[in-house]
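These notes are about the structure you will find just below.
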Amino acid sequence: MKKTVFFGALAASTLVAGLAGAGTLDDVKARGELICGSNTGLTGFGAPDASGNWTGFDVDLCRAIAAAVLGDPTKVKFLPTTGETRFTALQSGEVDVLVRNSTWSFSRDSELALDFVAVNYYDGQGFMVKKDLGVSSAKELDGATVCIQTGTTTELNLADFFKQNNISYQPVTVADDSEAQRQYLAGACDAYTTDASGLAASRATMPDADTHIILPEIISKEPLGPAVRHGDNQWGDVVRWTFFALLVAEEKGVTSANVEEVATSTTDEEVKRLLGVSGEMGAKMGLDNDAFKRAIAAVGNYGEVYARNIGEGTTINLARGLNALWTQGGLQYAPPFR
């Protein structure tokens, strides 16, 4: 009797997992629209303009997924989420995928039952202060008030850093980047802490950006990337390999401008598989064979996405650093398309 109950429960859990794995891809196709959990507004990564059109580094990944799955990068609905609401929105099925500078961590992978399918930006937590505060190191912030978003990994990192350095601080909790910036500029806190990329994005929108400095300490590892629900295996593969397609495209020199020409002329067997010329890679995960070619055509390769939204020369002005390709000394590395 106990065996029957056990195997019955096992069969039921397997069935649920199977349904979840097929469900999201089928739902997106049937709906004709991808619902992407986004930031409430972070310049360079994900924010709407005055007309409500979303642009940014994370936004482009959502558009690439829509192009791969639906054939149209514009068929995306962006649902803004805060640090506290983002994971609930994903768990409940309110969004299909979460792409909004979220850190892959042990507890989120296990306790929250999420799958982070890739790292699209390697980051670390830093601090920003006004120059006139007169500090040059985060270790000089003893007794400072610090603006920090609730529901984020930065809360624990902040506590650990101050404890390890035997200094104290007073947290000023905020809901999102916009509130953090307002409070910081209003003088409610001496310092603002979040991922270094977020600090650069916030500073870029300030009218007196040159009066603020990002301190040199990076106090954590923050691998940021798209997340799906546990058990959503087929959908996770779609999101994962759409991102990897953009990386392989950069490595192989395939761009939004030359993708069609390369598809007809390449002799590189991996590129042929990437662009759907051979191998039926898309069909193996429920997509058209030219799905990844459409993604590249829509937003460009990873390097193009980076340069256009947050790279050197933009208002964010972030060097590639760890986010350079592995062939250029960075950590961005895609498994082979074979």
Side-chain angles (χ1 to χ4, degrees), residues 37-46 57-58 80-90 98-109 111-112 114 116 119-130 133 135 137-165 167-185 188-205 212-227 310 316 318 321-322:
S38 66
N39 201 294
T40 54
L42 184 61
T43 300
F45 285 85
F57 178 80
D58 288 332
T81 61
T82 67
E84 289 189 299
T85 65
R86 54 185 164 167
F87 300 125
T88 302
L90 180 59
L98 186 68
V99 190
R100 49 91 69 216
N101 59 303
S102 296
T103 300
W104 186 352
S105 71
F106 179 92
S107 58
R108 291 172 178 178
D109 211 12
E111 294 171 26
L112 297 185
L114 304 179
F116 285 80
V119 177
N120 71 332
Y121 193 89
Y122 289 93
D123 209 346
Q125 184 175 336
F127 297 86
M128 180 164 59
V129 298
K130 299 179 179 69
L133 189 63
V135 302
S137 167
K139 295 179 181 179
E140 299 171 14
L141 292 174
D142 191 15
T145 51
V146 182
C147 280
I148 184 167
Q149 292 182 57
T150 55
T152 64
T153 57
T154 56
E155 290 181 292
L156 180 58
N157 295 336
L158 180 65
D160 287 349
F161 176 78
F162 274 78
K163 183 176 181 180
Q164 288 165 3
N165 287 282
I167 53 179
S168 64
Y169 71 100
Q170 180 63 44
V172 178
T173 56
V174 295
D176 55 34
D177 294 288
S178 296
E179 184 184 354
Q181 183 172 319
R182 289 194 301 272
Q183 295 277 40
Y184 168 72
L185 291 175
C189 50
D190 300 310
Y192 172 32
T193 185
T194 190
D195 299 337
S197 63
L199 294 176
S202 293
R203 184 173 63 174
T205 65
H212 304 270
I213 58 173
I214 297 174
L215 299 176
E217 288 85 1
I218 297 296
I219 68 170
S220 69
K221 293 183 295 184
E222 304 296 331
L224 311 178
I310 59 176
I316 313 303
L318 293 171
L322 295 177

Heavy-atom check, side chain of Leu90 versus side chain of Thr81, under 4.5 Å: no

Validation row: Ser38, Asp58 side chains within 4.5 angstrom (heavy atoms): no

Residues forming a ring pair (Phe, Tyr, Trp, His ring centres under 6.0 Å) with Phe127, sequence neighbours excluded: Phe161

To check you understand the geometry: which heavy-atom pair defines the closest contact between Ser102 and Arg86, and what is its length? OG-NH1, 3.0 Å

Could you tell me whether Lys130 atom NZ has more than 12 heavy atoms of other residues or ligands within 6.0 Å of it? yes

Can you tell me which residue among Asn120, Asn39, Asp177 is in a side-chain hydrogen bond (donor to acceptor under 3.5 Å, both in side chains) with Asn101? Asn39

Criterion side chain to side chain contact (heavy atoms under 4.5 Å, CB included) against Glu179, the qualifying member of Thr40, Val174, Val172, Thr173: Val174

Please list, chain by chain and in numerical order, all residues satisfying side chain to side chain donor-acceptor pair (under 3.5 Å) with Thr152, sequence neighbours excluded. Thr154

Is there a ring-ring contact (aromatic ring centres under 6.0 Å, His included) between Tyr192 and His212 once you walk through the steps? CA-CA 11 Å; Tyr192 172 32; His212 304 270; over 10 Å; no

Is the closest side-chain heavy-atom distance between Leu98 and Pro226 below 4.5 Å? no

Is the shortest side-chain heavy-atom distance between Leu318 and Phe57 below 4.5 Å? no

For Phe162, what residues pass the ring pair (Phe, Tyr, Trp, His ring centres under 6.0 Å) criterion, not counting sequence neighbours? Tyr169

Begin from the C-alpha positions of Asp190 and Val135 and carry the test side-chain contact (heavy atoms from CB on, under 4.5 Å) through to its verdict. CA-CA 10 Å; Asp190 300 310; Val135 302; over 6 Å; no

Could you walk me through whether Glu140 and Leu133 pass the side-chain contact (heavy atoms from CB on, under 4.5 Å) test, one step at a time? CA-CA 10 Å; Glu140 299 171 14; Leu133 189 63; over 6 Å; no

Could you walk me through whether Ser220 and Glu222 pass side-chain hydrogen bond (donor to acceptor under 3.5 Å, both in side chains), step by step? CA-CA 6 Å; Ser220 69; Glu222 304 296 331; 2.5 Å; yes

